[in-house]
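Read the structure below first, then the notes.
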Amino acid sequence: MCGIVGYTGARNAADILVGGLTNLEYRGYDSAGISILDQSGISTIKAKGRLQELACKIKEVGKPGAGCGIGHTRWATHGEPSDINSHPHRTPKLSMVHNGIIENYLEIKKFLSDKGYTFESQTDTETAVKLVDYFYKGDPFDAIHQALERLEGSYAFGILFADQPDTIYAVRKDSPLIVGLGENENYIASDVPAILEHTRDFYLLDEMEIAVIKPGSVVILDLTRAPVKKERMRANWDIAAAQKGGYPHFMLKEICEQPKALTDTVHPRIRHTRPDFSADDIPADFWSQFDRVHITACGTAMYAGTVGKVLLERLARIPVDVDLASEFRYRDPILTDRSLVIVISQSGETADSLAAMRLAKSRGITTLAIVNVIGSSIAREADFVLHTYAGPEIAVASTKAFSVQIAMMYLIAIDCARIRGMIDDAKTAALTADLTQAIGRTRELLDLSGAIESLAPNFMKASSLFYLGRGLDYALAMEGSLKLKEISYIHSEAYAAGELKHGTISLITDGVPVVALVTQRELLPKIVSNIREVRARGGHVVVITKSGFDLDADIYDEIIRLPDVDDFFMPLLAVIALQFFAYYIAVARGCDVDKPRNLAKSVTVE
Ligand code: F6R
């Protein structure tokens with residue numbers, strides 16, 4: 001949610017900033033801008049719309065020469081997308097980019113207005129910029145420090161001062177920021193992909209540390225101005241992982257990367273035919289310490305948690321609550337010293353998920369994070385972390401992250417069931433083997449993509465689409481529906497198939513498309529009856545099922561047959577079919593699949 005990049009060194013800063021923003025555009029694409037500081041002062045260019053608009057404007061006005069600079073790609077919170085509301089925001093003394101929300105900006109605006117300041121934008125950021133300006137008397141550290149004392153909310157700031165050549169100042173609270181380390185050149189960025197082309201080495205900036213970044217040095221100070229010794233980190237993602245690699249969209253690339261992402265995440269955690277989390281520093285008796293699990297997350301990650309609930313309850317017989325993080329944190333959840341809170345997040349920076357985890361920690365509850373981005377806030381603050389190894393996920397719609405999150409939930413459920421004595425060693429080994437087999441068979445899904453693509457023309461004009469399922473299939477139906485609506489803009493809802501007749505069936509009329517998931521044998525007669533109810537009202541039914549199920553041809557208009565693995569592991573396959581289905585419909589409708597309107601990846605505001 002908003003991307004920041006900064007560069008100081010001998011190369012052309014504008015080129016490097018635009019390149020970095022290209023790799024950060026998934027964090028917001030309402031507008032973009034850069035500021036360059038050179039001998040003549042600070043020049044700023046910004047443009048509403050996609051990064052391409054900024055690139056054109058830079059060409060028009062002429063590329064600034066060498067110098068140091070900061071850039072920003074915006075996901076609008078305060079104030080509509082417009083040139084004026086774009087970052088960087090300026091005063092004659094300084095220029096600043098911001099990711100986050102200044103909660104007390106009206107109060108600060110009043111304070112500064114009383115001192116004679118005027119405001120041109122509708123943004124919260126402009127108040128922070130002018131507050132630093134107000135305190136700036138030649139000492140950047142002092143001005144930033146004084147401003148931080150007054151600012152409430154979340155922020156990552158990159159700041160240039162007109163009289164501080166070659167230097168970027170940076171600070172963060174509740175929004176991510178890293179300092180990239182090069183040879184006689186250095187960077188700041190919201191996320192690793194922005195700088196991967198230039199360096200894989202970086203420092204993670206901790207909360208309320210002020211970084212002073214010059215071409216030949218990076219000094220990080222705490223608020224008492226004492227230098228902080230930082231650990232040099234190395235990103236294990238290579239640049240190819242953050243590029244499209246010949247695919248038309250990141251989303252398609254990421255769907256196709258799932259067999260590898262699953263293997264990378266699961267295989268290192270299987271030893272002696274059972275899950276083994278010892279390399280993750282999870283104590284051997286970990287799961288026996290709890291009598292209730294609370295899973296909290298947002299969006300797709302929350303649906304992964306919903307699958308996890310079914311797995312854990314069925315196998316380990318431990319009660320599991322699943323909450324949207326934005327609800328969990330405000331509903332005063334009942335937690336005891338035998339509760340485990342699991343937070344699931346691809347980015348590790350989602351504001352609500354982070355806040356939910358902090359709430360649990362503040363009550364002394366053990367927290368376990370399932371996170372894809374190493375070094376992210378959630379990964380750093382959780383008591384225990386299980387990293388998924390999906391590599392960078394760039395498309396706004398989450399695909400491979402969901403798969404590795406549920407794969408992790410399978411490992412947890414099997415291990416938890418074993419430790420709690422619900423399954424013996426033989427069953428543990430059998431389930432672990434089934435999991436590995438299901439992962440191996442996800443490759444076959446890639447061959448089904450053509451058949452799924454050929455269905456897209458039948459649905460691209462639909463105004464509404466329903467997803468049905470029972471049990472594990474219901475959890476997946478919710479994810480399939482979210483995927484479709486967020487990238488194709490077709491209205492869609494998911495229902496537990498048995499619930500349809502309690503109201504929703506009134507929406508089913510002639511030709512209304514319905515995707516029915518049929519992968520669970522024990523629920524087969526029930527879901528088939530529900531499908532017949534839909535057919536009887538004229539619904540156009542696509543069935544997604546296992547090749548082993550013998551279904552009467554009169555219950556569907558279209559059918560997608562998935563490889564046959566144990567029902568319990570079918571979500572690993574079915575979700576890929578749902579992702580292809582949503583993807584090809586969105587492509588057929590001409591949608592911008594990787595950057596759906598109004599959305600951004602990594603939602604660092606509440
Ligand atoms: C949907 C999607 C979002 C994210 C949600 C949580 O495709 O990507 O719903 O799943 O914003 O993000 P993370 O997992 O980064 O916490």
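All ligand and atom numbering here is 1-based and tracks the order in the structure.
Of the options Leu484, Ile452, Val593, Ile487, a side chain to side chain contact (heavy atoms under 4.5 Å, CB included) to Ile585 is made by Leu484 and by none of the others. Residue Leu472 forms a side chain to side chain contact (heavy atoms under 4.5 Å, CB included) with just one option from Thr519, Asp567, Leu311, and that option is Leu311.
Around NZ of Lys48, the count of heavy atoms belonging to other residues, nucleotides or ligands within 6.0 Å does not exceed 12.
The side-chain hydrogen bond (donor to acceptor under 3.5 Å, both in side chains) analysis of residues 449-461, with sequence neighbours excluded, yields the pairs Asn458-Glu558.
Between His249 and Tyr583, the ring planes are perpendicular. Angles over 60° get that label, and only those under 30° would be called parallel.
Between Glu381 and Lys361 there is no salt bridge, since no side-chain nitrogen of the basic residue lies less than 4.0 Å from a carboxylate oxygen of the acidic one.
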Write out each pair where an N or O from ligand 1 and one from the protein are under 3.5 Å apart, with the distance.
{"from": "ligand 1", "atom 1": "7 (O)", "to": "Thr300", "atom 2": "OG1", "distance (Å)": "3.3"}
{"from": "ligand 1", "atom 1": "7 (O)", "to": "Ser398", "atom 2": "N", "distance (Å)": "2.9"}
{"from": "ligand 1", "atom 1": "7 (O)", "to": "Lys483", "atom 2": "NZ", "distance (Å)": "2.8"}
{"from": "ligand 1", "atom 1": "7 (O)", "to": "Glu486", "atom 2": "OE1", "distance (Å)": "3.4"}
{"from": "ligand 1", "atom 1": "7 (O)", "to": "Glu486", "atom 2": "OE2", "distance (Å)": "2.4"}
{"from": "ligand 1", "atom 1": "8 (O)", "to": "Val396", "atom 2": "O", "distance (Å)": "3.3"}
{"from": "ligand 1", "atom 1": "8 (O)", "to": "Ser398", "atom 2": "N", "distance (Å)": "3.3"}
{"from": "ligand 1", "atom 1": "9 (O)", "to": "Thr300", "atom 2": "N", "distance (Å)": "3.1"}
{"from": "ligand 1", "atom 1": "10 (O)", "to": "Thr300", "atom 2": "N", "distance (Å)": "3.2"}
{"from": "ligand 1", "atom 1": "12 (O)", "to": "Thr350", "atom 2": "OG1", "distance (Å)": "3.4"}
{"from": "ligand 1", "atom 1": "14 (O)", "to": "Gln346", "atom 2": "N", "distance (Å)": "2.6"}
{"from": "ligand 1", "atom 1": "15 (O)", "to": "Ser347", "atom 2": "N", "distance (Å)": "2.9"}
{"from": "ligand 1", "atom 1": "15 (O)", "to": "Ser347", "atom 2": "OG", "distance (Å)": "2.7"}
{"from": "ligand 1", "atom 1": "15 (O)", "to": "Thr350", "atom 2": "OG1", "distance (Å)": "3.3"}
{"from": "ligand 1", "atom 1": "16 (O)", "to": "Ser345", "atom 2": "OG", "distance (Å)": "2.6"}
{"from": "ligand 1", "atom 1": "16 (O)", "to": "Thr350", "atom 2": "OG1", "distance (Å)": "2.4"}

